[in-house]
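Ligands are counted one by one from 1 in listed order, and the atoms in each one are counted from 1 as well. Small disclaimer: the values here were computed from a predicted structure and weren't measured.
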Amino acid sequence: MELLKALEWRYATKKMNGNVVPQEKVDYIIEAARLAPSSSGLQPYQIFVITDKALLAKIQPIAFNQSQITECSHLLVFAAWDGYSLEKIEKVFAKTLAERGLPADRMDEYKQRLWGMYEPLGKEWHATHAAKQAYIAFGLAIAAAAEQQVDATPMEGFIAPELDKLLGLEALGLKSVVILPLGYRDEAQDWLLNLKKVRTAKEDFVTEIK
Ligand SMILES: Cc1cc2nc3c(=O)[nH]c(=O)nc-3n(C[C@H](O)[C@H](O)[C@H](O)COP(=O)(O)O)c2cc1C
């Protein structure tokens with residue numbers, strides 16, 4: 001489906017019908033997220049794909065009992081690094097250089113400059129910066145889902161520290177950022193389905209500087 005048509009078609013589905021999304025569509029959506037750009041190419045985030053019904057039932061109260069959590073087919077949890085470190089940056093750069101067949105020291109100066117910038121900013125800034133990168137992947141996943149005619153509800157409505165605890169994210173150096181149930185709209189019961197999509201008018205949204 002053409003991108004703009006897909007974006008008009010999609011909406012933050014409030015009620016899903018429980019139908020299962022084919023694995024190839026889930027893979028496509030995840031691949032779009034994996035291909036997202038990120039600052040310095042660090043990709044400081046991961047996606048957890050949850051289909052375990054018992055686990056979804058435990059997540060639902062953490063997400064203010066939103067029904068999509070248990071009605072969805074797959075729940076994507078976007079989790080970002082809880083902080084940067086020179087070791088983590090080195091690991092990413094080493095992989096990039098190895099895959100490109102370039103000398104391992106090719107990016108040493110850039111790496112040091114990057115860490116010199118990041119280190120004094122502190123762990124809270126690091127986590128926020130990593131979360132911002134995760135949102136780019138999240139946006140692409142939303143668009144890819146729409147293109148695949150898969151419904152998706154972007155969600156910040158959950159208690160992140162509780163989800164982190166449930167999924168054991170702290171031990172992995174991760175924090176949950178945002179979640180995305182994937183599934184299919186319940187056409188008979190979703191109150192939002194037929195309501196107009198409302199957006200800021202173009203003239204208020206865009207300022208042209210010529
Ligand atoms: C970061 C983010 C967090 C959101 N959190 C929730 C949420 O927890 N639950 C929900 O039902 N909708 C949530 N929404 C959906 C928005 O309310 C919705 O995208 C917005 O009103 C625009 O409507 P549309 O997506 O239907 O076009 C969220 C959207 C974004 C982008």
Side-chain angles (χ1 to χ4, degrees), residues 1-19 21 25 29-30 32-34 36-39 43-50 55-82 127-167 169 174-202 204-206:
M1 197 183 208
E2 191 219 313
L3 182 60
L4 288 187
K5 280 204 167 62
L7 294 179
E8 279 161 15
W9 171 85
R10 68 146 296 280
Y11 71 110
T13 310
K14 300 300 176 195
K15 185 138 185 65
M16 294 182 172
N17 63 14
N19 288 353
V21 178
K25 287 187 183 267
I29 293 162
I30 290 169
R34 195 179 72 91
S38 60
S39 185
Q43 287 184 273
Y45 46 77
Q46 289 180 31
I47 297 178
F48 291 79
V49 184
I50 305 175
L55 184 56
L56 291 171
K58 284 187 190 159
I59 294 172
Q60 193 165 42
I62 291 173
F64 306 107
N65 289 317
Q66 297 193 71
S67 70
Q68 307 94 316
I69 301 290
T70 48
E71 293 159 358
C72 73
S73 163
H74 295 69
L75 179 69
L76 307 189
V77 175
F78 289 73
W81 294 358
D82 62 2
T128 304
H129 188 260
K132 287 184 195 168
Q133 312 311 308
Y135 270 92
I136 299 170
F138 178 66
L140 289 180
I142 293 167
E147 195 213 6
Q148 292 296 305
Q149 304 276 276
V150 171
D151 284 301
T153 317
M155 279 190 184
E156 279 178 333
F158 64 98
I159 302 162
E162 288 190 19
L163 186 59
D164 295 354
K165 204 165 153 199
L166 184 64
L167 300 180
L169 297 186
L174 296 168
K175 282 176 185 284
S176 58
V177 171
V178 72
I179 60 178
L180 191 67
L182 300 176
Y184 294 103
R185 58 191 69 178
D186 181 335
E187 297 201 358
Q189 294 192 66
D190 192 336
W191 58 267
L192 188 55
L193 175 59
N194 293 314
L195 294 185
K196 184 179 186 289
K197 187 177 281 299
V198 180
R199 290 294 189 267
T200 306
K202 190 180 169 194
D204 298 326
F205 185 62
V206 178

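A distance-only check finds no donor-acceptor pair linking the side chain of Gln148 to the backbone of Ile29 [under 3.5 Å]. Remark: side-chain polar atoms of Gln46 are not paired, donor with acceptor, to backbone N or O of Ala80 under 3.5 angstrom.
The shortest N or O to N or O distance between Glu156 and ligand 1 is below 3.5 Å. In terms of N/O distances under 3.5 Å, ligand 1 is not approached by Phe138. Considering backbone and side-chain N/O atoms, Arg10 comes within less than 3.5 Å of an N/O atom of ligand 1. Ligand 1 has an N or O atom lying under 3.5 Å from an N or O atom of Lys14, backbone or side chain.
Heavy-atom proximity to Gln68, at under 4.0 Å, picks out these atoms of ligand 1: 11 (O). Interface of Tyr11 with ligand 1, defined as ligand atoms under 4.0 Å from a residue heavy atom, comprises 26 (O).
Of all protein heavy atoms, the one closest to atom 27 (O) of ligand 1 is Lys197 NZ, 2.5 Å. The protein heavy atom nearest to atom 8 (O) of ligand 1 is Gly157 N, 2.9 Å. The nearest protein atom to atom 9 (N) of ligand 1, hydrogens excluded, is given as Gln66 OE1, 2.7 Å; this is a heavy-atom distance. Atom 22 (C) of ligand 1 has its closest protein heavy atom at Arg199 NH1, 3.5 Å.
Atom CD of Glu71 and atom CD of Gln189 lie 8.5 Å apart (nearest 0.5 Å).
Checking atom 11 (O) of ligand 1 against the protein gives a heavy-atom contact under 4.0 Å. Distance screen at 4.0 Å: atom 15 (C) of ligand 1 has a protein heavy-atom neighbour inside the cut-off. Per-atom contact check: atom 24 (P) of ligand 1 touches the protein, criterion being a heavy-atom distance below 4.0 Å.
Of the heavy atoms in Lys196, none comes closer than 4.0 Å to ligand 1.
With respect to Lys15, the side-chain contact (heavy atoms from CB on, under 4.5 Å) criterion is satisfied by exactly one of Leu193, Asp151, Asp186: Asp186.
For the pair Pro37 and Ile136, the minimum side-chain heavy-atom distance is below 4.5 Å.
Enclosure of atom NZ in Lys58 is not indicated, since only 12 or fewer non-hydrogen atoms of other residues, nucleotides or ligands lie within 6.0 angstrom.
At a threshold of 4.0 Å, the pair Lys197-Glu8 does not count as salt-bridged, since none of the basic side-chain nitrogens sits closer than that to a carboxylate oxygen.
With atom 13 (C) of ligand 1 as the reference point, the heavy atom nearest to it among Ala12, Pro154, Ser67, Ala146 is part of Pro154.
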Chi angles and distances behind the side-chain contact (heavy atoms from CB on, under 4.5 Å) call for Tyr11, Thr153: CA-CA 7 Å; Tyr11 71 110; Thr153 317; over 6 Å; no

Phe78 vs Tyr45, ring-ring contact (aromatic ring centres under 6.0 Å, His included): CA-CA, chis, key distance, verdict: CA-CA 7 Å; Phe78 289 73; Tyr45 46 77; 7.7 Å; no

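Between the side chains of Gln43 and Ser38, no donor-acceptor pair is found at a separation under 3.5 Å.
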